[in-house]
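Computed from a prediction, not measured in an experiment: that's the story for all the values here. In the text below, chain A, chain B and the rest are named by the order of the sequence lines, each starting its count at 1.
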Protein chains: 2
Amino acid sequence: VRIAELSRRSGVPVATIKYYLRERLLPPGVHTHRNQVDYNDGHVTRLRLIKALMDIGGLSTSATSELLAVLDSADLDAWESVGKAQYAVSKRRAAPTSETIDAAAGQTVDALLARRGWQIHPDSPARRMLIDACAALHQLGHDDIVAALDDYADAIEPIAAIDINLVIDQTTIAAMTEKVIIGTILGDNLLSALRQLAQENASRPLLQHSPQKNTKPKRADTGSL
Amino acid sequence: VRIAELSRRSGVPVATIKYYLRERLLPPGVHTHRNQVDYNDGHVTRLRLIKALMDIGGLSTSATSELLAVLDSADLDAWESVGKAQYAVSKRRAAPTSETIDAAAGQTVDALLARRGWQIHPDSPARRMLIDACAALHQLGHDDIVAALDDYADAIEPIAAIDINLVIDQTTIAAMTEKVIIGTILGDNLLSALRQLAQENASRPLLQHSPQKNTKPKRADTGSL
């Protein structure tokens, strides 16, 4: 199909498609004998993937480009690709490595990993991401959230087990790699939404039946309005 | 303290502080009799919060501004504030409401909510976020992830219970509201990191012992190198 039809089918404007082609996020079309450029179903699929990673996952163009490169080289490197995709996906949220690691938060995280017996590479971007989150929480005075780390880790293991099962059910390395990328990025959105829905449901009885805790109920407010 | 000292203590450059003052993310300092402007510990705390929301949470200036407004009005509206903060936090990731909702994904999500008996307001931004994620997953051919929604929902309930306990342990509405904001935004990072660490740990034995599944093992590769 031609670029206008590609735009219609993928829901991505022509100008944006041209930008993705220049940035090599999208492979070039095939030149036909009529001096036209032809695109196929692979292009439609790829455009939908780019759209999902950027619009829903909130990834930058360069982060998307890096992930697609991992995906495109997937069937060459066997199982390594799956781990590589996992690291590439984690990195999108980790702070630049030039910034110093908070030593106390590093100890908190490494003690957690040791307590759980989790075997993690020291360069794991997820380890770095957790250290940064703990350091920020401590600095903001939310040490109670850091203290709940073990409880959160207990609760997260069944989720990781579901993730892993979805990945190993795939029959090719390329499909596994794509499942890791999509499952982590769109999966984070899905889990964040489920978490907030479960919170809303669980807090509803509290909101309805709890006594007014504040000292300035609206009704008694005789101030300016 | 003066603005230079505020910058040193918070780790935020003076120019950025001035930008936050203009955008009203940061309340103005107090003019002293010596014609200087004085900032206090409250400004340091607020700057660290802004930094965490933007740098770690990845929030935009306008999203940060909206959350801080909810936070600043927190002790006026009693329990409503807590729910308001929850909705404001969710909205940061939901697609603009002008875009049409995918009807099939909407049915999938509402059927899930009905099966679980979760009481959710139809305008809940988290419901919208889940619908968008499911629609994208379906379009990308990852219906197996959508099919795991019930399993993920089972696994998320203990996490929401930890969240709620951290919130109700607070003694003021303002503290609860801040816990909701920080717990959701930095909590999403913390949970995403834990999920990836649990995945890495669980997939290590697979990576070490599984047979090579690909058709081009590296060792047999006699191509260019």
Next item on the list: Against chain B, work out which of A/Val146, A/Ile145, A/Ile120, A/Val109 has the most heavy-atom pairs shorter than 4.5 Å and name it.
Entry: A/Ile120
Margin query: Please report the interatomic distance CG(A/Asp132) to CG(B/Leu190), rounded to the nearest 0.5 Å.
Written below: 11.5 Å
Notebook entry, point to check: Which pair of non-hydrogen atoms, one from B/Tyr152 and one from A/Leu194, has the smallest distance, and what is that distance?
Noted result: CB-CD1, 3.7 Å
Checklist line | Heavy-atom closest pair, residues B/Ala52 and A/Ala136 | finding: CB-CB, 4.5 Å
Check: Got a donor-acceptor contact below 3.5 angstrom from the A/Glu200 side chain to the B/His121 backbone?
Finding: yes
Notebook entry, point to check: Looking at side-chain heavy atoms only, is the closest gap between B/Ile182 and A/Leu137 below 4.5 Å?
Noted result: yes
Item checked: Which atoms of B/Leu149 approach chain A - backbone, side chain, both or neither, heavy atom under 4.5 Å -> both
Note to self: So does B/Ala202 get a backbone contact from the side chain of A/Glu157, meaning a donor-acceptor N/O pair under 3.5 Å?
What the structure shows: no
Item checked: A/Leu140 and B/Leu186: CA distance, side-chain angles, deciding distance, side chain to side chain contact (heavy atoms under 4.5 Å, CB included) verdict -> CA-CA 11 Å; A/Leu140 295 169; B/Leu186 296 197; 4.0 Å; yes
Next item on the list: Among A/Ser124, A/Ala198, A/Ala155, single out the residue with the greatest number of heavy-atom pairs under 4.5 Å to chain B.
Entry: A/Ala198
Note to self: Minimum heavy-atom separation for A/Leu166 and B/Ala148, please, with both atom names.
What the structure shows: CD1-CB, 4.3 Å
Check: How long is the span from the CD1 atom in A/Ile162 to the CG atom in B/Asp151, to the nearest 0.5 Å?
Finding: 5.0 Å
Notebook entry, point to check: Do A/Asp163 and B/Arg195 have side chains that get closer than 4.5 Å, going by heavy atoms?
Noted result: yes
Margin query: Checking A/Arg9 now: which residues fulfil salt bridge (charged side-chain N to carboxylate O under 4.0 Å, His left out) with it, not counting sequence neighbours?
Written below: A/Glu5, A/Asp41
Checklist line | B/Ile159 vs A/Ile159 side-chain heavy atoms within contact, under 4.5 Å | finding: yes
Next item on the list: Begin with the C-alpha distance, continue with both residues' side-chain angles, and end with the deciding distance and a verdict on side chain to side chain contact (heavy atoms under 4.5 Å, CB included) for A/Asp188 and B/Asp188.
Entry: CA-CA 8 Å; A/Asp188 269 0; B/Asp188 269 359; over 6 Å; no
Notebook entry, point to check: Given the options A/Ala133, A/Gly183, A/Cys134, which has more heavy-atom pairs under 4.5 Å with chain B than any of the others?
Noted result: A/Gly183
Note to self: Walk me through whether B/Gln199 and A/Thr184 qualify under side chain to side chain contact (heavy atoms under 4.5 Å, CB included).
What the structure shows: CA-CA 10 Å; B/Gln199 285 172 358; A/Thr184 305; 4.3 Å; yes
Next item on the list: Supply the atom-to-atom distance A/Gln196 CD to B/Gln86 CD, rounded to the nearest 0.5 angstrom.
Entry: 7.0 Å
Notebook entry, point to check: With side chains defined as the heavy atoms from C-beta onward, is the minimum distance between B/Leu197 and A/Leu112 less than 4.5 Å?
Noted result: no
Note to self: Do A/Asp144 and B/Gln170 have side chains that approach each other closer than 4.5 Å (heavy atoms only, starting at C-beta)?
What the structure shows: yes
Note to self: I'd like to know which of B/Gly187, B/Gly117, B/Pro158 tops the heavy-atom pair count under 4.5 Å against chain A.
What the structure shows: B/Gly187
